[in-house]
Peer 1: 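Take a look at the following structure, please.
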Amino acid sequence: MRNGVIIITIAVVLGILFTVNPETASFMPKCAFHQLTGLDCPSCGSQRAIHQLLHLNFAKAFAYNPFMIISLPYVVALILSQWYNKKGKFEKLKKLCQHPVTVWSYFILLIAWWIGRNIFL
Amino acid sequence: MEKWQPAHTLPELTELFISNEQTPPTPPVPPNVDPTQEMPNSAKQYFNQPIYNNQQYGQQNNRQMNQPGNIPAMKPDNYLVWAILATVLCCLPLGVAAIVYSNKVDSLWNSGRYEESIKASKTAKNMCIFSVIGALVFSLLYFIIILFSL
């Protein structure tokens with residue numbers, strides 16, 4: 001039941017992102033940080049990136065938000081190892097994902113990307 | 001063997017027992033004596049330690065036993081998944097702070113600072129919740145504004 005709701009939600013969101021181009025659609029949710037400050041947040045461009053990813057334009061997706069493309073596998077691994085870790089199948093993955101070194105690396109990358117994209121891009 | 005008798009009854013050995021008879025006899029050792037009584041402290045610890053199949057459980061239980069008082073039994077949730085999801089999906093700086101706090105939970109717990117660990121867990125949770133609420137409210141407001149401006 002719970003899994004069904006989650007799968008349907010993800011499918012609907014991906015379906016919307018596939019059919020609607022966030023570049024031109026005015027009603028797609030906008031980034032609060034960008035609207036308020038005019039600066040880009042670390043995940044600004046994720047909707048456009050995922051839209052391109054679903055259309056298999058990997059280069060365009062990477063151009064919109066490379067950080068999002070890097071984050072996706074990590075987020076999937078985190079969710080799998082945290083919430084679908086029945087019988088301890090993903091214990092090793094969980095340890096790796098939640099290791100302080102991993103989290104701090106991700107955090108530093110996030111901050112560097114946040115500052116860097118607003119200064120250099 | 002049948003001729004055996006107590007040593008102090010023998011005339012040749014009486015001299016040896018004179019002094020002993022004045023001192024009170026040592027109390028007999030009760031049969032159900034604690035075998036750890038005579039052990040050095042380190043050995044005693046080892047003796048009393050329960051054996052667990054899983055080493056991790058053993059360590060956790062030891063931590064509970066050694067720390068008297070209101071020590072919580074379980075490590076609080078660090079909400080790392082929620083923190084990262086909030087950062088990636090909600091675009092608010094709060095999510096970044098949530099990652100910092102959720103990373104603190106484990107390290108504080110492992111160094112024995114349980115109270116602070118629980119506090120960090122609660123802070124991380126609240127930051128995730130506010131981040132999600134903030135993003136939802138903003139998206140909704142934006143959607144309403146767009147609807148009216150059409």
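Residue numbering restarts at 1 for every chain, and letters A, B, ... go by the order of the sequence lines. Everything quoted here is computed from the prediction, not taken from an experiment.
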Peer 1: Indicate if A/Ile108 and A/Tyr74 have the same hydrophobic cluster label, given that clusters are the connected sets of ILVMFWY residues with side-chain heavy-atom separations under 4.5 angstrom.
Peer 2: no

Peer 1: Using heavy-atom distances under 4.5 Å, tell me whether A/Met28 contacts chain B through its side chain, its backbone, both, or neither.
Peer 2: backbone

Peer 1: Heavy-atom distances under 4.5 Å only: say whether B/Leu85 touches chain A with side chain, backbone, both or neither.
Peer 2: side chain

Peer 1: Do A/Leu72 and B/Val88 make a side-chain contact, defined as non-hydrogen atoms from C-beta onward lying under 4.5 Å apart?
Peer 2: no

Peer 1: Write out, in numerical order, the residues from residues 98-106 of chain A with a heavy atom short of 4.5 Å from a heavy atom in chain B.
Peer 2: A/Gln98, A/Pro100, A/Val103, A/Trp104, A/Tyr106

Peer 1: Are A/Ile115 and A/Leu109 linked, directly or through intermediate hydrophobic residues, by side-chain heavy-atom contacts shorter than 4.5 Å (ILVMFWY only)?
Peer 2: yes

Peer 1: In terms of heavy-atom pairs under 4.5 Å, which option from B/Val137, B/Ile146, B/Val96, B/Ile99 contacts chain A the most?
Peer 2: B/Val96

Peer 1: B/Glu116: what forms a salt bridge (Lys or Arg N to Asp or Glu O under 4.0 Å) with it, not counting sequence neighbours?
Peer 2: B/Arg113

Peer 1: If you count the non-hydrogen atoms of other residues, nucleotides and ligands that lie under 6.0 Å from NZ in B/Lys119, is the total more than 12?
Peer 2: no

Peer 1: Can you tell me how far apart CH2 (B/Trp82) and CD1 (A/Ile79) are? Round to the nearest 0.5 Å.
Peer 2: 8.0 Å

Peer 1: Verify the neighbour count for atom OH of B/Tyr101: are there more than 12 heavy atoms of other residues, nucleotides or ligands below 6.0 Å?
Peer 2: no

Peer 1: What about B/Val132 and A/Val5, same hydrophobic cluster or not, with Ile/Leu/Val/Met/Phe/Trp/Tyr joined at side-chain heavy-atom distances under 4.5 Å?
Peer 2: no

Peer 1: Would you list the pairs meeting side chain to side chain donor-acceptor pair (under 3.5 Å) in which at least one residue belongs to residues 55-66 of chain A, sequence neighbours left out?
Peer 2: A/Glu23-A/Tyr64, A/Gln52-A/Asn57

Peer 1: Find the distance between CD (A/Gln47) and CG (B/Leu89) and round it off to the nearest 0.5 Å.
Peer 2: 9.5 Å

Peer 1: Rounded to the nearest 0.5 Å, how far apart are OG1 of B/Thr87 and CG of A/Leu110?
Peer 2: 6.5 Å

Peer 1: So which part of A/Phe67 gets closer than 4.5 Å to some heavy atom of chain B, the side chain, the backbone, both or neither?
Peer 2: neither

Peer 1: With a sphere of 6.0 Å drawn around NZ of A/Lys94, does it hold more than 12 non-hydrogen atoms of other residues, nucleotides or ligands?
Peer 2: yes

Peer 1: Taking the hydrophobic residues Ile, Leu, Val, Met, Phe, Trp and Tyr, and joining any pair whose side-chain heavy atoms are under 4.5 Å apart, which ones share a cluster with B/Ile145?
Peer 2: none

Peer 1: Just wondering, do B/Val100 and A/Phe107 contact through their side chains at under 4.5 Å, heavy atoms?
Peer 2: yes

Peer 1: Are side-chain heavy atoms of A/Pro29 and B/Phe138 found at a separation under 4.5 Å?
Peer 2: no

Peer 1: Which heavy-atom pair separates A/Cys97 from B/Leu80 by the least distance, and what is that distance?
Peer 2: O-CD2, 4.2 Å

Peer 1: Do the side chains of B/Leu136 and B/Leu94 join up, straight or via other hydrophobic residues, at under 4.5 Å, putting them in one cluster?
Peer 2: no

Peer 1: For residues B/Phe148 and B/Tyr142: do they belong to one hydrophobic cluster (side chain heavy atoms under 4.5 Å, members Ile, Leu, Val, Met, Phe, Trp, Tyr)?
Peer 2: no

